Amino acid sequence: MPELPEVHTITSDLKKHILDAVVKKVEIKAGFSVSPSAGVFKKKLVGRKITDIHRVAKNILLGLDSGDFLVIHLAMTGRLLFRKTGFKADQWERVIFTLEKDGKIGELRYTDLRMFGKVKIINKAEYKTLQNKYGPDPITETFDHYRFLELLQNKRTNIKNALLDQTVISGIGNIYANDALWIAKIHPGTKTSDITPPMAKNLLAAIRGILNESIFNRGSTLDDKMYVDIFGKQGEHQNYFRIYGKAECPRCYIPVKFMKLNGRGTYFCENCQLKTDQESLL
DNA sequence: ACAACATCCTGCAGGC
DNA sequence: TGCCTGCAGGATGTTG
Ligand SMILES: [Zn+2]
């Protein structure tokens, strides 16, 4: 599923290929809703130049020369595919943007099997609101583990659920939450109130480490093949998962435990992931 | 106020 | 074979 590394990969590829492109045509497929509704959406987009491309949390933002932003959130099954006009139709096409850059025409296709994703145009004020609702970004923002711990402890829940809360820290999804907790040797069910500064330090380093590693590997493509880059190519980081989807702990060589935590699949090792500060036991 | 739960939707796997 | 159930999980709306 697209989390920070996958959205980062897509955003940086888009920056290389469609920055300064002009939107020539927009087609919204039946059954899919954009915001504002189709007529206004097209009017705000056709003829506009894409002057800026960046990521906010798991959103892809395309800044327009009108001052508006096209915001795309892929949720779980959304894809952005960059195709030559006439390239065979993709599965689950929802919105087709025809773009012109340097006299060449191409298409940016938003496809989404389950249609949980969002495609919308927002103005500058709404952009500010969007930015402000998220917790700090572990890749693009500098903050220390004391600040991180403070944010975590604003939530009275377990640590894994807090990591998935985008208002605490942005960009982490279920896969990297599982793996970061394994790297930091923290049990996913640990209450945020039981996290100590050394644990927060390890965890923040684990989060930054695993996200950067996945960015290097161009993201993770699961067996469902849902995440691919803008050229339809799979990521590689699924080959380096630590605990997510694993049967055996790579540190202890014992079976991995699986449970549902707040409704999400949670993998952990009951031997090396504890609910206490492991340093303090020494 | 806020944590936990239900919901949106489709495709696929597993059981009978 | 084919029907049914459950599962996947990001974000939001609802419940307690
Ligand atoms: Zn272990």
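Since we're looking at a predicted model, the values are computed, not measured. Per chain, numbering begins at 1; letters A, B, ... match sequence-line order.
Partners of Lys43(A) according to the salt bridge (Lys or Arg N to Asp or Glu O under 4.0 Å) rule, which considers only residues two or more places apart in sequence or in another chain, do not exist here. A search for side chain to side chain contact (heavy atoms under 4.5 Å, CB included) contacts involving Lys84(A) returns nothing, not counting sequence neighbours. Remark: Lys246(A) pairs with no residue by the salt bridge (Lys or Arg N to Asp or Glu O under 4.0 Å) rule, at least two apart or across chains.
Environment of CZ in Phe216(A): sparse, with no more than 12 heavy atoms of neighbouring residues, nucleotides or ligands closer than 6.0 Å. More than 12 heavy atoms of other residues, nucleotides or ligands sit less than 6.0 Å from atom CZ of Arg208(A). Within a 6.0 Å radius of CZ in Phe87(A), more than 12 heavy atoms belonging to other residues, nucleotides or ligands are found.
With a heavy-atom cut-off of 4.0 Å to chain A, the contacted part of DNA chain B has its first and last nucleotide at dA3(B) to dG11(B).
The line from OG1 of Thr11(A) to CD of Glu6(A) is 11.0 Å long, rounded to the nearest 0.5 Å.
The stretch residues 155-176 of chain A comes close to DNA chain C through Gln166(A), Gly173(A), Asn174(A), each having a heavy atom under 4.0 Å from the strand. For the segment residues 111-130 of chain A, residues with any heavy atom less than 4.0 angstrom from an atom of DNA chain C are, sorted by number, Arg114(A), Phe116(A). Taking a 4.0 Å limit (strictly below) on heavy-atom distances, residues 230-246 of chain A does not reach DNA chain B anywhere.
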Determine all donor-acceptor pairs shorter than 3.5 Å in which one atom belongs to a side chain in residues 96-104 of chain A; sequence neighbours excluded.
from	atom 1	to	atom 2	distance (Å)
Glu100(A)	OE1	Lys24(A)	NZ	3.3
Lys101(A)	NZ	Leu19(A)	O	3.0

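For the C1' atom pair drawn from dG10(C) and dA13(B), the interatomic distance equals 23 Å after rounding to whole Å. Using P as the reference atom, dA6(B) and dG6(C) are 13 Å apart when rounded to the nearest Å. Remark: the separation of the P atoms in dT5(C) and dT7(B) is 16 Å, to the nearest Å.
Counting only Watson-Crick and G-U wobble pairs whose two key distances fall under 3.5 Å, DNA chain C forms stems of three or more stacked pairs at B:2-8 with C:10-16, B:10-16 with C:2-8.
Met1(A) comes within 4.0 angstrom of the backbone, heavy atoms only, and of no base.
For the pair Asn262(A) CG and dA11(C) P, the computed distance is 15 Å after rounding to whole Å. Atom NZ in Lys58(A) sits roughly 11 Å away from atom P in dT12(C) (whole-Å rounding).
One finds a salt bridge joining Asp137(A) and Arg55(A) here, because a Lys/Arg side-chain nitrogen approaches an Asp/Glu carboxylate oxygen to under 4.0 Å.
In this model, the phosphate group of dT12(C) is approached by a side-chain N or O of Lys133(A) to a distance below 4.0 Å at OP1 or OP2.
With side-chain heavy atoms closer than 4.5 Å counting as contact, directly or through intermediates, the hydrophobic cluster containing Trp92(A) also holds Leu113(A), Met226(A). When hydrophobic side chains of Ile, Leu, Val, Met, Phe, Trp and Tyr are connected at separations under 4.5 Å, Val71(A) ends up clustered with Val56(A), Leu61(A), Phe69(A), Ile122(A), Tyr127(A), Leu130(A), Tyr134(A). Taking a 4.5 Å side-chain heavy-atom cut-off between Ile, Leu, Val, Met, Phe, Trp and Tyr, the cluster of Val228(A) extends to Leu81(A).
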